[in-house]
Amino acid sequence: MEYKILLKDEKSIQICLREFREEDAAAVVACIRDEYGSTYLRHNFYDPATIIQEQKLGHCKFLVAENDGEIAAVLGMEFPTPPATMCEWITGIVLKKYRRLGIMKLLFDMAKQEMLARRDIASGYGFSVTYHDISQRSMGALGFHPCGFLLSSLLSMTHSFPKDANWKQHLVIIVCKAGQETAGPIYVPAIHEAIAMEIYRALGVSAQVGTGAAELSGKSVCREEQDEGQLCCTIWVDESGRDLADCLQAIEARYTKPLQTFNVFLNISEAKAVAAYGLLCQKEYFFAGFRPICCDHEIMVLHKPGKVPIDFTSLVLTEEAGKLRDYVKQCYEAGGYGGMKDGE
C-alpha cells in the first residue's frame, strides 16, 4: 500500500495505491462501464464474482487507486499458465473525473515491480488502443516497446475519445522483457530480418535468425478464437504443416460476414515458419509485426483485412510506434491491397 498526494482542480487529493480487495469488485465494474459502457472486450469482467474468482485462482491480479473510499482507477495483470511465460497487462482504466493526474502511470509502476518479482515471467505485454497514445507513452517510460499491430480487431467497443476514419479499431502490441535475455533462433523471411532485429534490440533481447529453413511437412496445429461481437478471428499457427492452406480455408469459411477480419499468430521458432509465411502471403495475409518474447514460441503477426480498408494515417501513436506503422503500411500496400504481393 502506498499513498500519493496529487493536485486536482487546484486542490490536493490523497490517492491510495494498493492491491485489489473483494469488496472492490463492483467498483472495478463501474470503472469499466464508465469508459466502455457495455462493450468491453472481456465480457466476463462485468460480473463482480468473476473478477473475485480470477483473483482468488491466481489467474489475474488487480491493482487499484483509491480516493476517499472511491476506486479511481484499476489495472489488471493476467498471469501465464505454464508453459506460457508472458504476462498480459489488462483492464487499465481511470474514471473520467480522475484523468490527467498521472494515476495510471503510478499503477503501471506498481505492476512492473510485481512482474519483475515473479520468476515464471519472461516478459510482459499489452494491447494499446490507437485512438490515443496515453498508455503507449506511460508504458514506454517503463521499457515497453511497440512490436506489432492487431489490425481491425475492434468493431463495436465504444469509448470516450474522438473516433478516427477507420471502420474498425486497431491495437498496438507493446512488450517489455522481464526475466528473459534471449529469444533463441527465429525463422523469418529475409525481407523482414532487419525489422525483426531492430525490434529485439530495442527490447534488449538477444535473437538470431535461424539457418536451415524447412519446407512445410507433417500436419498443422492451429487454434482459433472468434470474437463474434468484433467480427475478428485470431488464428494461432503453432505448427505449420503441408495442410496449412486447408486449415486456413476451413477456419475462414466459418466466418464470412462483411466486416470479418483475421489475425494470424505464426510460430517463428520452428524452421518451417518461412515457408508458412510465403503461403500466408499467397492467402492474402500481410506482415503486421511480432509478439516477442515467448522464448521457445516466438510469434510473427499477420493480418487479412478482407473487405475492411485501413486508414493508417489516422492512428494516434508515439514516434516509435509510428515508425513501425509506416513499415506495416508498406506491407499492406504491397500485399495485394495496393499492388504487388508482400514478399515478391
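Throughout, residue positions are numbered sequentially from 1 according to the sequence presented. Atoms considered below: every heavy atom in the structure, side chains included; atoms not considered: hydrogens, waters and symmetry mates.
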> Would you say Val328 and Val316 are hydrophobically clustered, going by side-chain heavy atoms of ILVMFWY under 4.5 Å?
Replying inline: no

> Any Lys/Arg nitrogen of Arg18 or Asp24 sitting under 4.0 Å from an Asp/Glu carboxylate oxygen of the other?
Replying inline: yes

> What's the spacing between Cys176 SG and Leu116 CG if we round to 0.5 Å?
Replying inline: 7.0 Å

>> Using only atom types and a distance under 3.5 Å, with no angle test, would you say the side chain of Thr318 pairs donor to acceptor with the backbone of Gln136?
In response: no

> Does any pair with a residue in residues 193-214 pass side chain to side chain donor-acceptor pair (under 3.5 Å), and if so which ones, sequence neighbours excluded?
Replying inline: Tyr200-Glu298

> Under 6.0 Å between the ring centres of Tyr327 and His192?
Replying inline: yes

>> Using side chain to side chain contact (heavy atoms under 4.5 Å, CB included), reason through Ser12 and Leu6 one step at a time and then give a plain yes or no.
In response: CA-CA 6 Å; Ser12 295; Leu6 304 176; over 6 Å; no

>> Centroid separation under 6.0 Å, is that true for the rings of Phe62 and Phe45?
In response: yes

> Going by heavy atoms in the side chains, are Leu101 and Ile13 under 4.5 Å from each other?
Replying inline: yes

> So how far is it from Leu280 CG to His303 NE2, rounded to the nearest 0.5 Å?
Replying inline: 13.0 Å

>> Could you walk me through whether Thr91 and Ile32 satisfy the side chain to side chain contact (heavy atoms under 4.5 Å, CB included) test, starting with their C-alpha distance in whole Å, then the side-chain angles of each, then the deciding distance to 0.1 Å, before giving a yes or no?
In response: CA-CA 8 Å; Thr91 319; Ile32 294 172; 4.1 Å; yes

> Same cluster for Val175 and Val172 if Ile/Leu/Val/Met/Phe/Trp/Tyr side chains link at under 4.5 Å?
Replying inline: yes

> Between Lys304 and Phe262, is there a donor-acceptor pair closer than 3.5 Å when you use the side chain of the first and the backbone of the second?
Replying inline: no

>> Please report the interatomic distance CG(Leu57) to CZ(Phe79), rounded to the nearest 0.5 Å.
In response: 13.0 Å

> Judged by atom type as modelled, is there a donor-acceptor pair below 3.5 Å linking the side chain of Asn263 to the main-chain atoms of Cys232?
Replying inline: no

Can I get a per-line list of side-chain donor-acceptor pairs under 3.5 Å for residues 241-249, giving both atom names and the distance, sequence neighbours left out?
unit_1, atom_1, unit_2, atom_2, d
Asp243, OD1, Ser220, N, 2.8
Asp243, OD1, Ser220, OG, 2.8

>> So does Cys233 get a backbone contact from the side chain of Asp227, meaning a donor-acceptor N/O pair under 3.5 Å?
In response: no

>> I'd like to know if the side chain of Thr39 and the backbone of Tyr36 have a donor-acceptor N/O pair within less than 3.5 Å.
In response: yes

>> Applying side chain to side chain contact (heavy atoms under 4.5 Å, CB included) to Asp133 and Leu317, what does each step give before you reach the verdict?
In response: CA-CA 5 Å; Asp133 65 354; Leu317 302 168; 5.8 Å; no

> Of the non-hydrogen atoms in Pro292 and Leu203, which two are nearest, and what is the gap between them?
Replying inline: CG-CD1, 3.5 Å

>> One pair to check against side chain to side chain donor-acceptor pair (under 3.5 Å): Gln55 and Glu22. What are the steps and the verdict?
In response: CA-CA 9 Å; Gln55 176 99 2; Glu22 288 190 12; over 6 Å; no

> With a 4.5 Å limit on heavy-atom distance, are the side chains of Asp238 and His297 in contact?
Replying inline: yes

> So, do Met77 and Met115 sit near enough that their side-chain heavy atoms are less than 4.5 Å apart?
Replying inline: yes

>> Whether the side chain of Glu239 engages the backbone of Glu270 through a donor-acceptor N/O pair (distance < 3.5 Å, no angle test) should be reported.
In response: no

> Which pair of non-hydrogen atoms, one from Ile174 and one from Met139, has the smallest distance, and what is that distance?
Replying inline: CD1-SD, 3.3 Å

> So do Leu171 and Leu154 actually touch side chain to side chain, heavy atoms under 4.5 Å?
Replying inline: yes

> Does the side chain to side chain contact (heavy atoms under 4.5 Å, CB included) test come out yes or no for Arg33 and Tyr46, once each step is laid out?
Replying inline: CA-CA 8 Å; Arg33 291 195 180 278; Tyr46 285 103; 3.5 Å; yes

> Does a sphere of radius 6.0 Å around NZ in Lys329 hold more than 12 heavy atoms from other residues, nucleotides or ligands, not counting ones at 6.0 Å or beyond?
Replying inline: no

> Between Arg42 and Glu78, is the closest basic N to carboxylate O distance under 4.0 Å?
Replying inline: yes

>> If you compare all heavy atoms of Ile310 against all heavy atoms of Ser152, which two are closest, and at what distance to 0.1 Å?
In response: CG1-OG, 3.9 Å

>> Tell me which one of Tyr125, Phe127, Trp89 satisfies ring pair (Phe, Tyr, Trp, His ring centres under 6.0 Å) with Phe144.
In response: Trp89

> Is the shortest distance from a Lys or Arg side-chain nitrogen in Arg223 or Glu225 to a carboxylate oxygen in the other one below 4.0 Å?
Replying inline: no

>> Strictly distance-based, threshold 3.5 Å: is any side-chain N or O of Lys177 a donor or acceptor partner for the main-chain N or O of Val205?
In response: no

>> Whether the side chain of Arg99 engages the backbone of Val94 through a donor-acceptor N/O pair (distance < 3.5 Å, no angle test) should be reported.
In response: yes

> Does Lys96 NZ have over 12 foreign heavy atoms under 6.0 Å away?
Replying inline: yes

> How many angstroms lie between atom NE2 of His170 and atom CG of Leu150, to the nearest 0.5 angstrom?
Replying inline: 11.0 Å

>> Quick one, Glu19 and Leu63 - any side-chain contact, counting heavy atoms below 4.5 Å?
In response: yes

> Where the side chain of Arg291 meets the backbone of Ile173, is there a donor-acceptor pair that is under 3.5 Å apart?
Replying inline: no

> Any side-chain heavy atom of Val301 sitting closer than 4.5 Å to one from Phe265?
Replying inline: yes

>> Show the nearest heavy-atom pair for residues Leu107 and Ala65, with the distance to one decimal.
In response: CD2-N, 4.2 Å

> Is there side-chain contact between Tyr285 and Ile235, with heavy atoms separated by less than 4.5 Å?
Replying inline: yes

> Take atom CZ in Arg100; do more than 12 heavy atoms of anything else shown fall under 6.0 Å from it?
Replying inline: no

> Got a salt bridge between Lys283 and Glu252, using NZ or NE/NH1/NH2 to carboxylate O under 4.0 Å?
Replying inline: no

> Ile51 and Ala25: which non-hydrogen atoms are nearest, and at how many Å?
Replying inline: CD1-O, 4.2 Å

>> If hydrophobic clusters are built by linking Ile, Leu, Val, Met, Phe, Trp and Tyr wherever their side-chain heavy atoms come under 4.5 Å apart, do Val221 and Val237 end up in the same one?
In response: no

> Within a radius of less than 6.0 Å around CD of Glu215, do more than 12 heavy atoms belonging to other residues, nucleotides or ligands occur?
Replying inline: no

>> Assigning hydrophobic clusters by single linkage (Ile, Leu, Val, Met, Phe, Trp, Tyr; side-chain heavy-atom cutoff under 4.5 Å), is Val274 placed with Leu302?
In response: no

> Met104 and Leu142: same hydrophobic cluster, using ILVMFWY side-chain contacts below 4.5 Å?
Replying inline: yes

>> So which atom in Leu95 and which in Ile71 form the shortest heavy-atom distance, rounded to 0.1 Å?
In response: CD1-O, 3.1 Å

>> Name the residue from Ile191, Val188, Ile195 that meets the side chain to side chain contact (heavy atoms under 4.5 Å, CB included) definition with Phe287.
In response: Ile195

>> Is the shortest side-chain heavy-atom distance between Tyr131 and Asn166 below 4.5 Å?
In response: no

>> Check whether Lys168 reaches the backbone of Gln230 with its side chain - one donor and one acceptor, N or O, closer than 3.5 Å.
In response: yes

> Can Arg118 and Glu114 be counted as an ion pair, charged N to O under 4.0 angstrom?
Replying inline: no

>> Once rounded to the nearest 0.5 Å, what's the spacing between atom CG of Leu324 and atom SG of Cys147?
In response: 8.0 Å

>> Measuring from atom CE of Met1 to atom CE of Met110, what distance do you get when rounded to the nearest 0.5 angstrom?
In response: 9.5 Å

